[in-house]
Peer 1: 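A single structure is presented below for examination.
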Amino acid sequence: MSSLRFIARPGGKLTGRLRVPGDKSISHRSIMLGALAEGTTEVSGFLEGEDSLATLNAFRAMGVDIEGPVAGRVTIHGAGLHGLQPPAGALDLGNSGTSMRLLAGLLAAQPFDSVLTGDASLSKRPMRRVTQPLSQMGAQLETSEDGTPPIHIHGNARLKGIHYEMPVASAQVKSCLLLAGLYAEGETCVTEKAPTRDHTERMLAGFGYPVTRQGNRVCVKSGGSMHATTIDIPADISSAAFFLVGASIAAGSDLRLEHVGVNPTRIGVINILRAMGAEIELSNERDAGGEPVADIRVKAARLHGITIPEEQVPLAIDEFPALFIAAACAEGKTILTGAGELRVKESDRIQVMADGLQALGIEAQPTEDGMILQGGNLQGGRVHSHGDHRIAMAFAMAALRASGPIEIEDCDNVRTSFPGFLQAATQAGLTISADETG
Ligand code: S3P
């Protein structure tokens, strides 16, 4: 099978204005909650990437009438909390862990059986983190023996609310249990050790569903209903992150990123880059349907290595591929700990980034739960993204500071989260092209 290879030429700077595509996490949730609401929900800024489209198609397969997306607009004719229909076959969620883990919670509570499958990467990812607490709630579901997909879900289970303390900081686990909790007897509460993205809680409230939050605990009760609303999805800070790093490391850069979601549970990348010396300014801060949004200006800066505070890790969990590139271009050592979750993302992001950085001449030592990285001079070379969208885009940015071209293998999955990445990167000032390899 052929696959896409990026070739990023060395040098350049990032300037001008850019609006990156819509937030992936919020896009998933807009479809899910819109489908469960009463009435018609209008969404704008929807991410037309493969992951959020996998969620959209899953709900269509369960009988929900959804129009679009057309230029980021989606109209969802809500089926109500009890209106989903049995899908005709397995729901294929492609590369999308969020689709699978959130749907597991929702489908565990439905009166019909379902099967959730995914691509080769998703089929290796751990699902016990959701199936185990769901079983405690009374759900009937099975994974393969090693706790990976497919997930077979038996309908008609009577769920009971639980109080769950999450062993890992995971917004997917939290959201999965809250969705199951909409149908469970009594109250379902999830406690998190460290704050994780809270889009589900915010959006449930936006649809008029009561959610209570107390400190690090969030609870829902069954028996409520959701009312259709309008959702304006901000640009994804996780996609903006590549440009925040690129502009920070490339001399002469001065870039504006527009209408970016700056939810406090997502801005670890800004906090960490600033601690490294980055020049990042937020302006025009406003609210878009319950989510904070801002324009971000980033200029080139001299970065220095830091020990990344562990409490920032869940707030920047998807941004480490990009942050490792910043660290490779910084003066001195950067140390990351407490980030073992990176090993179970779309790829093992610790190993894959360390391998790629080493291939480009950087001292990068992977550890069990992080990395020790010495800033240096990036050379050109060939790296492998292992089908991981964020690895591919991170290495594309590395070219801005490399002494030769960087070839990045296996970039097809960039379309899961950032359709139009090559055009956006080119518009901002990167010299990048793609070809098909056999
Ligand atoms: C997501 C939660 C995070 C993140 C993922 C999206 C979400 O995963 O890495 O890209 O939308 O809830 P975890 O919950 O596994 O940390």
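Atoms within a ligand are numbered from 1 in the order they appear, just like the ligands themselves.
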Peer 1: Give me the nearest non-hydrogen protein atom to atom 6 (C) of ligand 1 as residue plus atom name, then the distance to 0.1 Å.
Peer 2: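 I find the closest protein heavy atom is Thr98 OG1, 3.4 Å.
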Peer 1: Specify the protein heavy atom at minimum distance from atom 14 (O) of ligand 1: its residue, its atom name, and the distance to 0.1 Å.
Peer 2: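 Result: Ser170 OG, 2.7 Å.
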Peer 1: Which atoms of ligand 1 have any heavy atom of Ile317 under 4.0 Å away?
Peer 2: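 Near Ile317, the atoms of ligand 1 are 9 (O).
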Peer 1: Around atom 11 (O) of ligand 1, find the nearest protein heavy atom and jot down its residue, atom name and distance.
Peer 2: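 Closest protein heavy atom to atom 11 (O) of ligand 1: Ser25 OG, 2.7 Å.
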Peer 1: Would you call the rings of Phe242 and Phe421 parallel, tilted or perpendicular, taking 30° and 60° as the class edges?
Peer 2: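 Geometry flag for Phe421 against Phe242: perpendicular rings.
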Peer 1: Do side-chain atoms of Ser239 reach the backbone of Phe418 as a donor and acceptor pair under 3.5 angstrom?
Peer 2: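 Not a single qualifying donor-acceptor pair exists.
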Peer 1: I need the Arg343 CZ to Glu368 CD distance, nearest 0.5 Å.
Peer 2: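 Taking CZ in Arg343 and CD in Glu368, the distance rounds to 7.5 Å.
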Peer 1: Closest non-hydrogen protein atom to atom 1 (C) of ligand 1, residue and atom name please, with distance?
Peer 2: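 Heavy-atom neighbour on the protein nearest atom 1 (C) of ligand 1: Gln172 NE2, 3.6 Å.
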Peer 1: Regarding Arg101 and Ser170, is there a side-chain donor-to-acceptor distance under 3.5 Å anywhere?
Peer 2: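 Checked: Arg101/Ser170 side chains show no N/O donor-acceptor pair below 3.5 Å.
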Peer 1: Report the nearest protein non-hydrogen atom to atom 10 (O) of ligand 1: residue, atom name, distance rounded to 0.1 Å.
Peer 2: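 Answer for atom 10 (O) of ligand 1: Asp318 OD2, 2.8 Å.
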Peer 1: Quick test of your reading of the structure: of His199, Arg29, Arg101, whose heavy atom lies closest to atom 12 (O) of ligand 1?
Peer 2: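 Checking each option, the heavy atom nearest atom 12 (O) of ligand 1 is found in Arg29.
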Peer 1: Of the protein's non-hydrogen atoms, which lies at the shortest distance from atom 8 (O) of ligand 1, and what is that distance?
Peer 2: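 That would be Lys345 NZ, 3.2 Å.
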Peer 1: For residues 194-234, pull every pair meeting ring pair (Phe, Tyr, Trp, His ring centres under 6.0 Å), keeping only residues two or more places apart or in separate chains.
Peer 2: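 Qualifying pairs, neighbours excluded: none.
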Peer 1: I need the atoms of ligand 1 closer than 4.0 Å to a non-hydrogen atom of Ala171, numbered in the order shown.
Peer 2: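 Listed by number with element: 12 (O), 14 (O).
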Peer 1: Is Asp388 salt-bridged to Lys345, cutoff N-O under 4.0 Å?
Peer 2: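 Lys345 and Asp388: not salt-bridged.
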Peer 1: What pairs of residues pass the disulfide (SG to SG under 2.5 Å) test when at least one of them lies in residues 157-193, not counting sequence neighbours?
Peer 2: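 Sorted result for residues 157-193: Cys189-Cys219.
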Peer 1: With a 4.0 Å heavy-atom cut-off (strictly under), which part of Lys174 contacts ligand 1: side chain, backbone, both or neither?
Peer 2: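 No part of Lys174 is near ligand 1 at this cut-off.
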